[in-house]
Amino acid sequence: MAHPLRCMLNFLPILLVLLQPQTSEADHVTTKNGVKTEVYQSPEFILEPGLSSNKYYYNIDFPRGHIALKSFNAELVDEKGKSIPLHETYLHHWILLRYYYQRENNVGNVRNYHGDLGFQNSDHIIVKNSGLCDNGLSQYFGLGAETRKTATDIPDPYGIEVGNPTDIPRGYEEGWILNVHAIDTRGVEDKLGCTECRCDLYNVTLDEYGQMLPENYNGGVRCCHDEARCKVKKGFQGVKRKLHLRYTVKYVDWDPSILPVKIYILDVTDMWTKGDESRGVKERHNCVVEYDIDSCPVGDQANINGCIHTKTVTVTLPNGGDVIYGVGHQHAGATGTTLFGEGGRVICSSNPNYGKGDEPGNEAGYVVGMSTCYPAPGSVKISAGEKLTLVSNYSNEQRHTGIMGLFYILVADSSPESKYVLRAPVDQAVKNTTMSEFVWPIFLFGAAVVVVVIFVLKDLTRIRKKKRSWTPPPTNRSRPLPHCRPPPLLPRTFAWRPRRLCLVSPPDSRTGRIARKKKILETFSKEFLIGSRKISLETSKVAQFANGAVVLAMKETKVLSTVASAKSDGTRDFLPLTVCIFIYLFEKTTSDGDINLSLPGDGLDVVVVRAKTALELSCPDHTSSDLPIERDWHQYQRD
């Protein structure tokens, strides 16, 4: 036995190696409740004090296939993965765009390219969201400084459908563009002016395409374009840093139970021109995106409006539906934005959250988050053609340039199904689970099996070394009585005594040994009252060789009842029935009196006699008339 045990011990390290989780390119994928999460990094870009970086990255790493997007979040990190605070590098914005590109066109594989690739050509097709702007704001997701504390999660059972093969033109593939605009504000003279892209601080008169800036253009992204520099304090020295945008994508594999949503981005600067089919005039939405506000005038007027600048726009959506998500996008100085429906009803209000410290995500003076709206499905509806009013409020105690007032809403088609928030089907969630989730349970199970086998082998080795002899009690019956030993349940305790067994079959004729019990890790019990006496039933603790065993107890008196069944298929009567009874000695005050004071003498003896008599009368041919009733417990105290 020692040799197999050594082999098993030698096999344990091999098993651990075989079951060890293997790393792969998909290690960054995690799955929880059927939702997959993947974390990526953009190509690096280098910044130094005052420098602006506004780059586009084409065909970025992104989940592929027919999926439903559930969220997209991002933040700036250095090459070590450390978060960068806004007061060092300001994240002006990031946007995620979807497009189709021709397979043979290698531009689709460009990883670090800035500039216009000519999306008016047939080689590249931008897949816009549902509107409304004609000239920009086509992104699927987009935020800025508020990205760390702004929720983008799409509730169940909704999702943004992408990657549908039937939507992709023949000869094209789906790709994603990431635009990252960051400004290094370390050592600059005016941090607010640099983050608001004031043209005088960047000392530019031409935009990045060499076009002359309008005279009334005081600030905006056309001044803080890629490689532009904001004015730095004289003598300030700062090191160059390699940064990335780390982005996290959550998604699920597409399933018919998912309800698709449409993305609408409303702009408070939208110059809406209504269409007139009779005159052949098409509806136009010219979105300027940025606007400036002057500081409030000095005097009584400032006290009346509290130096709050309000800008509004009214538009209509081509299609209606249920609003399931809403959030605004504003810059520093904002006091909130609200989207109203007809009659002044509030569809969603989104307010800025300003930081109060220095750590990333809580930078004082910066908008570090925007509140979001998650209406109950079907509770907030927009009718087709309904007039919507967007209001954007800013504090104008000081001048602001290049600010924004955008509002994102996700709208699902109104249907009875949208009234129920459902998870993806269970089988779908199981299908979405990656194999990596099953590796550790298999590993632990395999290790547990090895440990159990080792202990069993060790136990068998010890049993072989310990020779025990036991002679069954004599009997004159033609049908031998069961070979009985006191059960392992001792008075006043639940201690194990594996050598005290009551067997239905005799010991092994060759060895005379009795198989040892297995310890049970879990028990089940039930308590109830009969009159004033508390009765308890307990199972799964003793008599593990039986098919069923129950211990009935009342105070210090316990009765073990077991049931054994044959595994053969033959039809047999349950008789012959043999009852093996053991009576343990107690003081009469703790046994007889507590059972039934009306019984004369030893109550337990009377109960046993009555039970024995009943068996003999009912089954005279199958019951022993000389069944011994052992009263001396000590005679069984032998090894």
Side-chain angles (χ1 to χ4, degrees), residues 93 95 97-99 116 118-121 124-142 179 207 209 211-222 261-294 309-321 323 326-331 334 337-348 350 380-394 400-411 413:
H93 70 264
I95 59 175
L97 299 115
R98 179 183 175 205
Y99 78 115
D116 186 0
F119 283 101
Q120 303 303 322
N121 301 329
H124 300 83
I125 304 173
I126 284 287
V127 185
K128 298 180 58 178
N129 54 46
S130 297
L132 297 172
C133 300
D134 298 324
N135 56 330
L137 298 181
S138 303
Q139 64 265 26
Y140 274 50
F141 291 94
N179 172 220
D207 63 14
Y209 303 108
Q211 298 179 356
M212 183 66 67
L213 296 173
E215 292 184 1
N216 60 347
Y217 190 82
N218 300 312
V221 292
R222 298 180 67 182
V261 297
K262 296 179 180 179
I263 306 169
Y264 292 95
I265 301 179
L266 309 182
D267 181 15
V268 76
T269 66
D270 187 355
M271 298 180 182
W272 178 33
T273 303
K274 295 183 179 181
D276 189 346
E277 295 182 0
S278 61
R279 296 186 302 164
V281 178
K282 295 183 178 180
E283 183 177 286
R284 301 290 298 175
H285 289 273
N286 181 23
C287 298
V288 181
V289 182
E290 296 176 310
Y291 65 101
D292 301 340
I293 57 175
D294 293 327
H309 179 276
T310 300
K311 189 173 181 63
T312 64
V313 67
T314 300
V315 295
T316 62
L317 294 186
N319 301 297
V323 178
V327 67
H329 171 70
Q330 293 180 302
H331 292 184
T337 178
T338 303
L339 181 63
F340 295 92
E342 290 183 356
R345 68 185 182 95
V346 176
I347 295 176
C348 178
S350 184
V380 178
K381 295 180 178 292
I382 296 178
S383 303
E386 179 180 1
K387 289 185 178 181
L388 306 178
T389 301
L390 176 61
V391 178
S392 178
N393 295 321
Y394 274 84
H400 293 283
T401 62
I403 59 176
M404 299 182 185
L406 308 179
F407 213 99
Y408 292 73
I409 57 173
L410 300 181
V411 180
D413 292 337

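Just so we're clear, the structure is a prediction, and the values are computed from it rather than from any experiment.
- Here the shortest heavy-atom pairing between Phe407 and Ser350 reads CE1-CB, 4.1 Å.
- Here the closest non-hydrogen pair linking Ser138 and Ile126 is CB-CG2, 4.3 Å.
- When the options His309, His400, Met404 are evaluated for a side chain to side chain contact (heavy atoms under 4.5 Å, CB included) with Tyr291, the one that passes is His309.
- Side chains of Asn135 and Cys287 form a contact here, defined as non-hydrogen atoms less than 4.5 Å apart.
- Contact of the Thr337 side chain with the His329 side chain is not registered, since no non-hydrogen atoms from C-beta on lie closer than 4.5 Å.
- Rounded to the nearest 0.5 angstrom, Leu137 CG and Leu406 CG are separated by 5.5 Å.
- Within the 3.5 Å criterion, the main-chain N or O of Tyr140 finds no donor-acceptor partner in the side chain of Asn129.
- The two residues Ser392 and Gln330 come nearest to each other via the heavy atoms OG-NE2, 3.0 Å.
- Contact detail for Thr314 and Lys387: the closest heavy-atom pair is CG2-CB, 4.1 Å.
- Atom CG of Leu339 sits about 9.0 Å away from atom CZ of Arg345, to the nearest 0.5 Å.
- Here Phe141 contributes atom CZ and Arg98 contributes atom CZ; the two are 12.0 Å apart, rounded to the nearest 0.5 Å.
- Annotation: side chain of Val221 is not in contact with side chain of Val289 (no heavy-atom distance under 4.5 Å).
- By the salt bridge (Lys or Arg N to Asp or Glu O under 4.0 Å) test, Asp292 pairs with no residue at all, sequence neighbours left out.
- The distance from atom CG of Leu317 to atom CG of Leu132, rounded to the nearest 0.5 Å, is 5.5 Å.
- Inter-residue side-chain proximity for Asp267 and Val313 is flagged as unmet; no heavy-atom pair is nearer than 4.5 Å.
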Residues Thr310, Val391; criterion side-chain contact (heavy atoms from CB on, under 4.5 Å); working and verdict: CA-CA 7 Å; Thr310 300; Val391 178; 3.5 Å; yes

Residues Met271, Val288; criterion side-chain contact (heavy atoms from CB on, under 4.5 Å); working and verdict: CA-CA 8 Å; Met271 298 180 182; Val288 181; 3.7 Å; yes

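- Rounded to the nearest 0.5 Å, atoms CG (Asp207) and CZ (Arg222) are 4.5 Å apart.
- Side-chain contact between Tyr394 and Lys311 is absent, with no heavy atoms from C-beta onward closer than 4.5 Å.
- The SG atom of Cys348 lies 11.0 Å from the CZ atom of Phe340; values are rounded to the nearest 0.5 Å.
- Without hydrogens or angle criteria, Lys128 side chain to Cys133 main chain gives a donor-acceptor distance under 3.5 Å.
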Stepwise side-chain contact (heavy atoms from CB on, under 4.5 Å) check, Asp270 with Leu390: CA-CA 10 Å; Asp270 187 355; Leu390 176 61; over 6 Å; no

Residue pair Ile263, Leu410: steps toward the side-chain contact (heavy atoms from CB on, under 4.5 Å) verdict: CA-CA 5 Å; Ile263 306 169; Leu410 300 181; 3.7 Å; yes

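- Residues passing the salt bridge (Lys or Arg N to Asp or Glu O under 4.0 Å) test with Glu283, sequence neighbours excluded: none.
- Closest approach of His285 and Trp272 over heavy atoms only: CE1-CD1, 3.1 Å.
- Closest non-hydrogen pair, Glu342 versus Gly385, comes out as OE2-O, 4.4 Å.
- For the pair Glu386 and Lys381, the minimum side-chain heavy-atom distance is 4.5 Å or more.
- Taking the side chain as every heavy atom from C-beta outward, Tyr264 and Pro318 approach each other to under 4.5 Å.
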